[in-house]
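The structure presented is a predicted model; accordingly, all values stated were derived computationally and were not measured. Lettering follows sequence order; numbering is per chain, from 1.
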Amino acid sequence: QKEVEQDPGPLSVPEGAIVSLNCTYSNSAFQYFMWYRQYSRKGPELLMYTYSSGNKEDGRFTAQVDKSSKYISLFIRDSQPSDSATYLCAMALYSSASKIIFGSGTRLSIRP
Amino acid sequence: NAGVTQTPKFQVLKTGQSMTLQCAQDMNHNSMYWYRQDPGMGLRLIYYSASEGTTDKGEVPNGYNVSRLNKREFSLRLESAAPSQTSVYFCASSDGDSTYEQYFGPGTRLTVT
């Protein structure tokens with residue numbers, strides 16, 4: 001069993017829709033939860049991170065962590081074609097942890 | 001600021017050949033990383049360097065060696081390439097206190113025939 005599981009998609013939604021992306025994990029010791037966005041043929045870039053449980057909002061993006069269920073989500077409101085990318089969840093034990101565990105990524109396509 | 005740069009962008013090798021992938025960062029970061037990305041497998045850590053002068057194995061180190069040449073540069077060497085090493089290789093760097101925020105280079109697409 002992988003430490004982090006993520007549905008690979010692809011997920012295709014119309015412009016303006018609310019998108020929900022999810023990951024589950026097995027190691028209850030994870031404390032830092034990240035979402036990276038990767039455009040085609042580019043390197044990943046950090047979109048958001050959350051420490052421990054709860055919600056974090058940044059513009060149209062909301063990250064949620066439910067540690068009791070070992071489940072994290074990323075919501076995208078008013079989705080735009082420019083949001084079309086692969087979204088990778090990632091987790092770490094500590095802020096200065098040397099290793100981040102990445103999910104396999106969900107490919108998202110927003111149809112104009 | 002260029003951020004994280006990688007060379008080359010593309011490479012085709014024959015089985016058994018060797019090559020070195022170069023990575024440099026200009027953000028004065030302490031930590032640097034090498035990942036490979038394969039379809040359905042996500043990013044897997046090959047080696048990392050928490051600080052200048054130190055290197056450690058990641059999840060998939062077999063068949064690779066690394067050198068942290070100085071604070072800016074971290075190279076990855078394939079001594080005897082195998083078709084299983086066909087992948088996209090990413091270098092990343094981070095500040096030592098917030099390693100969850102990693103900055104990635106544009107990647108090197110390597111094909112081993």
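- Taking 4.5 Å as the heavy-atom cut-off, none of the residues of residues 63-86 of chain A approach chain B.
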Applying side chain to side chain contact (heavy atoms under 4.5 Å, CB included) to B:Val112 and B:Lys14, what does each step give before you reach the verdict?
CA-CA 5 Å; B:Val112 183; B:Lys14 294 189 189 309; over 6 Å; no

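- Taking the centre of each ring, A:Phe102 and B:Tyr35 come in below the 6.0 Å mark.
- A salt bridge does not link A:Lys56 with A:Asp58: every distance from a Lys NZ or Arg NE/NH1/NH2 to an Asp or Glu carboxylate oxygen is 4.0 Å or more.
- With chain B as partner, the option from A:Met34, A:Lys42, A:Arg41 having the largest number of non-hydrogen pairs under 4.5 angstrom is A:Arg41.
- Within 6.0 Å of the NZ atom in A:Lys2, the count of heavy atoms belonging to other residues, nucleotides or ligands exceeds 12.
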Start with the C-alpha distance between B:Tyr33 and B:Leu45, add both sets of side-chain angles, then the distance that settles side chain to side chain contact (heavy atoms under 4.5 Å, CB included), and finish with yes or no.
CA-CA 7 Å; B:Tyr33 313 82; B:Leu45 184 64; 4.0 Å; yes

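- In this structure, no portion of A:Phe33 lies under 4.5 Å from any heavy atom of chain B.
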Between A:Thr106 and A:Asp7, is the side-chain hydrogen bond (donor to acceptor under 3.5 Å, both in side chains) condition met? List the steps.
CA-CA 6 Å; A:Thr106 299; A:Asp7 188 331; 5.6 Å; no

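- Contacts of A:Gln38 with chain B are made by side-chain atoms alone, with heavy-atom separations under 4.5 Å and no backbone atom involved.
- Proximity to chain A is absent for every atom of B:Glu59, based on heavy atoms less than 4.5 angstrom apart.
- Of the atoms belonging to B:Tyr103, not a single heavy atom falls under 4.5 Å from chain A.
- In this structure, chain A has no heavy atom under 4.5 Å from any part of B:Arg44.
- Proximity to chain B is absent for every atom of A:Pro8, based on heavy atoms less than 4.5 angstrom apart.
- Here A:Gly43 is the residue among A:Gly43, A:Ala90, A:Gly103 with the most heavy-atom pairs under 4.5 Å with chain B.
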Salt bridge (charged side-chain N to carboxylate O under 4.0 Å, His left out) assessment of B:Glu52 paired with B:Arg68:
CA-CA 6 Å; B:Glu52 188 179 354; B:Arg68 183 75 184 265; over 6 Å; no

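- Using a 4.5 Å heavy-atom cutoff, the side chains of B:Tyr47 and B:Met32 are not in contact.
- Crowding of A:Tyr49 atom OH: a count of heavy atoms from other residues, nucleotides or ligands under 6.0 Å not exceeding 12.
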Apply side-chain hydrogen bond (donor to acceptor under 3.5 Å, both in side chains) to the pair B:Arg36 and B:Tyr64, showing each step before the final yes or no.
CA-CA 11 Å; B:Arg36 59 178 290 172; B:Tyr64 305 95; 2.9 Å; yes

